Amino acid sequence: QINAGKTLPDFQLIVTDTGLNGTGVLTETTTVKPSVDYVNDAPTISVVTSPLVEDAAATKAGAVVGTITVGDEETVKADLKVDFANNSNKDGFYEIKDGQVVLTDAGAKQLNDGKALPAFQLVVTDTGLDGKDIKTAVTPVTPDFSLVNDAPTITVKTSPLVEDAAATKAGAVVGTITVGDEETAKA
């Protein structure tokens with residue numbers, strides 16, 4: 001109980017004196033209140049990621065990237081503060097909302113544009129017993145996402161040709177072709 005940050009209950013001690021030759025029994029009772037110096041233990045943090053898929057209807061701002069679980073022996077969960085660690089959300093792809101990491105508009109755009117979501121770190125802070133002895137814990141998070149192979153695109157911008165004109169000959173440009181694909185580089 002004490003190593004779980006809990007108080008020890010009071011207890012009573014009784015001493016008995018049976019007297020001389022067993023006559024005149026006397027007792028004395030005292031209540032003992034244990035004195036404990038509590039130590040602030042470090043908090044814990046874990047994240048269970050949720051799968052995301054590029055271009056899926058659910059892949060939008062607010063989509064859950066992961067669910068956060070925090071704990072601490074001495075501090076209630078509501079008093080633990082969770083934030084991004086080490087500037088790992090510098091692009092603003094994620095936000096923490098109601099115990100979850102969710103995509104922002106920028107994060108949804110990143111994934112739906114066929115680009116990987118970067119890993120990040122979360123830190124939980126326990127402000128300590130009476131605001132002293134602050135402790136933290138950091139956990140790395142790698143988002144669970146799938147990119148899909150999008151269809152390539154092609155456009156043709158035609159060039160005007162005039163019958164019997166001097167420029168209308170072999171090698172004349174008929175049109176300009178533009179191709180693209182989110183995942184594949186142009187050759």
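Only a predicted model underlies this, so the values are computations on that prediction, with no experimental measurement involved.
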Here the salt bridge (charged side-chain N to carboxylate O under 4.0 Å, His left out) pairs for residues 24-34, sequence neighbours left out, are D10-K33
Tightest non-hydrogen contact, residues A61 and D105, listed as CB-OD1, 3.0 Å
ILVMFWY network linking I14 to V32, side-chain heavy atoms under 4.5 angstrom
no
message: With heavy-atom distances below 4.5 Å as the criterion, would you say the side chains of V47 and T67 are in contact?
response: no
Run the side chain to side chain contact (heavy atoms under 4.5 Å, CB included) check on I96 and I68 step by step: do they pass? CA-CA 9 Å; I96 298 169; I68 306 165; 4.1 Å; yes
Do V101 and V64 land in one hydrophobic cluster if side-chain heavy atoms of ILVMFWY residues count as linked below 4.5 Å? no
Residues A167 and A172: closest non-hydrogen pair is O-CB, 3.4 Å
### Query
Are K77 and D79 close enough, and set up right, to give a salt bridge (charged side-chain N to carboxylate O under 4.0 Å, His left out), and what steps lead you there?
CA-CA 5 Å; K77 289 180 183 181; D79 292 340; over 6 Å; no
_Just so I know, are the side chains of T104 and Y94 near enough to count as touching, which here means a heavy-atom distance under 4.5 Å?_
no
What side-chain donor-acceptor pairs closer than 3.5 Å can you find for residues 115-128, not counting sequence neighbours?
from: Q121; atom 1: OE1; to: N86; atom 2: ND2; distance (Å): 2.4
from: D126; atom 1: OD1; to: T75; atom 2: OG1; distance (Å): 2.9
from: D126; atom 1: OD1; to: G128; atom 2: N; distance (Å): 3.0
from: D126; atom 1: OD2; to: N40; atom 2: ND2; distance (Å): 3.3
from: D126; atom 1: OD2; to: T75; atom 2: OG1; distance (Å): 3.3

What one should report as the nearest heavy-atom pair of D91 and A106 is O-CB, 4.4 Å
ring-ring contact (aromatic ring centres under 6.0 Å, His included) filter on F93, not counting sequence neighbours, yields none
The side chain to side chain contact (heavy atoms under 4.5 Å, CB included) partners of A165 (sequence neighbours excluded) come to V162, T168
Practice prompt. Give a yes or no answer on whether the side chain of D144 reaches the backbone of T49 with a donor-acceptor pair at less than 3.5 Å.
Written response: no
Tested for side-chain contact (heavy atoms from CB on, under 4.5 Å) against V65, the lone hit among L52, L111, V102 is L52
The salt bridge (Lys or Arg N to Asp or Glu O under 4.0 Å) partners of D17 (sequence neighbours excluded) come to none
Side chain to side chain donor-acceptor pair (under 3.5 Å) pairs touching residues 151-166, sequence neighbours excluded, are none
task = Assess whether atom NZ of K109 is packed by more than 12 heavy atoms of other residues, nucleotides or ligands within 6.0 Å.
result = no
| query | So do V48 and T69 actually touch side chain to side chain, heavy atoms under 4.5 Å? | reply | no
Here the pair of heavy atoms bringing L8 nearest to P34 is CB-CG, 3.9 Å
Rounded to the nearest 0.5 Å, the CG atom of D150 sits from the CG atom of D113 at a distance of 9.5 Å
